[in-house]
Visitor: 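Questions regarding the structure given below will be posed in turn.
All values derive from a computational prediction rather than experimental measurement.
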Amino acid sequence: MTAKTQTQPLAPGNRVDFNAALVPPDGYALAAAIGTTFSMDFPTALPVPVALALRGAMGRDEITASPLAALAAMQRLREKEMICVEGGSIHASKGPQSPLVALIEDMVVGIQPPVRGSFHPKIWFLRFEPTEDAGEPIRQRLIIMSRNLTRDRSWDAGLVLDGIEKAETSDQNPALVAFLDWLLPAAKRLRAPFSGLRDGLPKVLWDKVPGIGKPYFHAHFPKQSKDQLWRPGKYARLAVISPFCDAAGLKRLGGKGPERLVACDDWLAKLGDQRPQVCQVLNGSLLPEADDENIPDPEARSGLHAKLFIRERDDKTFITLGSGNATGAGLNGTNVEVFATLSGKTEVIGGIDQMLGDQGLGPLLEDWTLRKVTDAELAADRFDERVRDARRALVEAGPTLEFHADGTVYHATLDFAQALKWPDGPMGLKARLVTTSGAKDVKPGAPSNLGTLKKAQITTFIEFTLIGETADETAAFVTSAASTTVPPYDERLEALLADVVDAPDKVLRFLTAMLEDRPDLDSLIGGWGGGAAGGRGAGANAALPPVLETLLAAYLAGRDKDIRELDALISKMPQSEGKDMNDFKALWAAFREVIKP
């Protein structure tokens, strides 16, 4: 749902493209981005900087096949982007990850979840500054979703709001400001771009959505007053879409409860006598196909990620969406959550019957078939509980990494800062750095050798694999480790550049992408000889970028700071020869004389 939405906000045709929603408005550049998610995976996270910095969308496969764009984008956003994820909730993918993940170590922040709860919000705060007319206002954008930053293709609900920072304080955003006041210290990222976003947020007035009244927000986080938690208030009718649900959550909704509940099949089975009269699930034909590249969470396997609370009262309809499920933890303040509520005249935006009917989500749904919980599901729940306990124990123990240079390779050793409180029962443990293959056995209480690797492969992201009593009982996740011996960022960047930018044409494409306002992504992809999956890109025959024009435009625009930063980066580039590179070196030598302070 965006400001362009007219009516029927839940109609499946009203789509929100997440990557497109990240692209700055014309005439603006990103000043700061703060994103939150319960879980994430690297192939989905890597395209985010491309959209934010280079104004274009790239798919996961394109990033893997041609990493120039991601490399350029991450260099431009080093201090401006932060992704907060629950500690230990980065999804593991099969095989070694791209060495590019090392460059987002400082962007990705693991947040310690509350006791007995989860860090569960799915919200993005974006701040944009004008690049062409200094008289234009600073803009902010809010993206509230129900899904995580992962590969899954589940049905979701999202809201995108754009607004302008005004001179006076708005009454719309106190809950969001309070959330950032809790989050930034928790993330230990009190940088100027993020502080600027936070300080501007109280003054943002969001653009009006046709047919919708002023939005209001609720945020749940530790030590928050209970009277600030979201509650539906009075209603005549209530319908709920929530993958997970339990009796405690339905009770929190008050009144007579929902008359319709759309949820996951297994959670409906667990409700017992607490089920509403009408229970539905996603149409079986729409469930996502199995994906061997990624380990989905239970919501992804169900095909449903949307969390929606639809209420009717008098002549109005209220739609609340966000991260919270209809569970006790999702609604009583145990979890960290964010909600947005929109309202409008029922005759304009529709009510429950329209939104869940043939013109809304109705074609996607089918009636749930009554059944009992199976023994296999109960066993899976018990293993999942042990996995949660083990994951929390590993994160709380504080993984540490020691890197030791041995000629051209490094040895990596894993240990823990504190004693590891391992859950009861047999459970094996393996670990590997995500850029390597071959997980090693880990013995709690003793250092573990994780093998050797090149400098370009060095990362503090570790994949842990938990092994239960049966072959089906395995679970893997990624978290970051502390390290005092990891080589400096600039050294690892230099090694990575030598691996990725290994030909003169790639050097020139990379350099222009660092300065252009809207780089040619097809050219960046084309530099990889044949383009990426799907045929995009012109291969090695793609025309070289206009280096001279790009440098002149940056210089004339007064971007001396950007040019100096690029000069520092060029000193780390691998040495390349050839006529094009010799011409560029001569050009750059002249520019260095001009930009001397």
Visitor: Hey, what do you get for CZ (F217) to CG (L159), rounding to the nearest 0.5 Å?
Guide: 7.0 Å
Visitor: Under a 3.5 Å distance rule, please check whether E86 uses its side chain to pair with a backbone N or O of F38 as donor and acceptor.
Guide: no
Visitor: From the options V434, L433, T435, select the one residue that forms a side-chain contact (heavy atoms from CB on, under 4.5 Å) with F461.
Guide: V434
Visitor: Check the surroundings of atom CG in D273: do more than 12 heavy atoms from other residues, nucleotides or ligands lie under 6.0 Å from it?
Guide: no
Visitor: Stepwise, does the side-chain contact (heavy atoms from CB on, under 4.5 Å) test hold for I90 with V108?
Guide: CA-CA 10 Å; I90 300 176; V108 177; 4.1 Å; yes
Visitor: On a heavy-atom basis, which atom in A33 and which in L126 lie closest, and how many Å separate them?
Guide: CB-CD2, 3.6 Å
Visitor: Relative to each other, are the rings of F339 and H220 parallel, tilted or perpendicular (30° and 60° limits)?
Guide: tilted
Visitor: Taking Q224 for the side chain and G333 for the main chain, is one N or O donor matched with an acceptor at less than 3.5 Å?
Guide: no
Visitor: In Å, rounded to the nearest 0.5 Å, how long is the span from CD1 of I143 to NZ of K122?
Guide: 15.0 Å
Visitor: Run the side-chain hydrogen bond (donor to acceptor under 3.5 Å, both in side chains) test on T400 and D415 for me, step by step, so that the C-alpha distance in whole Å, both residues' side-chain angles and the decisive distance to 0.1 Å come before the verdict.
Guide: CA-CA 5 Å; T400 63; D415 207 344; 5.4 Å; no
Visitor: Is any NZ, NE, NH1 or NH2 atom of the basic residue among E377 and R371 found under 4.0 Å from an Asp or Glu carboxylate oxygen of the other?
Guide: yes
Visitor: Are any of the side-chain heavy atoms of V338 and T36 separated by less than 4.5 Å?
Guide: no
Visitor: Do L282 and L364 have side chains that get closer than 4.5 Å, going by heavy atoms?
Guide: yes
Visitor: Where do V48 and M107 land on the side-chain contact (heavy atoms from CB on, under 4.5 Å) test, with the steps shown first?
Guide: CA-CA 11 Å; V48 170; M107 291 183 184; over 6 Å; no
Visitor: Check for a donor-acceptor pair, side chain of R141 on one end and backbone N or O of A21 on the other, with a separation under 3.5 Å.
Guide: yes
Visitor: In Å, rounded to the nearest 0.5 Å, how long is the span from CH2 of W267 to CG of N325?
Guide: 7.5 Å
Visitor: Taking NZ, NE, NH1 and NH2 as the nitrogens, is one of them in R382 or E385 under 4.0 Å from a carboxylate oxygen of the other?
Guide: no
Visitor: Would you give the length of the straight line joining atom CZ of F42 to atom NE2 of H91, rounded to the nearest 0.5 angstrom?
Guide: 11.5 Å
Visitor: On a heavy-atom basis, which atom in L180 and which in I34 lie closest, and how many Å separate them?
Guide: CD2-CD1, 4.2 Å
Visitor: In terms of the angle between their ring planes, are F464 and F416 parallel, tilted or perpendicular, with boundaries placed at 30° and 60°?
Guide: parallel
Visitor: Which distance, rounded to the nearest 0.5 Å, do you find between the CH2 of W422 and the CZ of R386?
Guide: 9.0 Å
Visitor: Go through the steps to decide whether T317 and M355 satisfy the test side-chain contact (heavy atoms from CB on, under 4.5 Å), and finish with yes or no.
Guide: CA-CA 10 Å; T317 299; M355 293 181 185; 3.8 Å; yes
Visitor: I need the minimum non-hydrogen distance between V262 and L365, along with the two atoms involved.
Guide: CG1-CD2, 3.8 Å
Visitor: What pair of heavy atoms forms the shortest contact from A31 to K80, and how long is it?
Guide: O-CG, 3.7 Å
Visitor: Would you check, one step at a time, whether the test side-chain contact (heavy atoms from CB on, under 4.5 Å) holds for R432 with L450?
Guide: CA-CA 6 Å; R432 69 177 176 99; L450 298 187; 5.9 Å; no
Visitor: Indicate whether any N or O donor in one side chain lies under 3.5 Å from an N or O acceptor in the other, for E105 and S480.
Guide: no
Visitor: Determine the interplanar angle of the F179 and W182 rings, folded into 0 to 90°, and report it as parallel if under 30°, tilted if 30 to 60°, perpendicular if over 60°.
Guide: tilted
Visitor: Between L183 and I111, is any pair of side-chain heavy atoms under 4.5 Å apart?
Guide: yes
Visitor: Within the 4.5 Å heavy-atom criterion, are I123 and L176 side-chain neighbours or not?
Guide: yes
Visitor: With rounding to the nearest 0.5 angstrom, report the CG to NZ distance, L238 to K256.
Guide: 9.5 Å
Visitor: Between K226 and N332, is there a donor-acceptor pair closer than 3.5 Å when you use the side chain of the first and the backbone of the second?
Guide: yes
Visitor: Quick one: are L30 and L22 in side-chain contact, heavy atoms under 4.5 Å?
Guide: no
Visitor: Taking C-beta and beyond as the side chain, do M427 and F383 meet within less than 4.5 Å on heavy atoms?
Guide: yes
Visitor: Taking C-beta and beyond as the side chain, do D266 and F244 meet within less than 4.5 Å on heavy atoms?
Guide: no
Visitor: Taking 4.0 angstrom as the limit, do R191 and D106 come out as a salt bridge?
Guide: yes
Visitor: Is K270 salt-bridged to D246, cutoff N-O under 4.0 Å?
Guide: no
Visitor: If only atom types and distance count, is the side chain of N148 paired as donor or acceptor with the main-chain N or O of T37 below 3.5 Å?
Guide: no
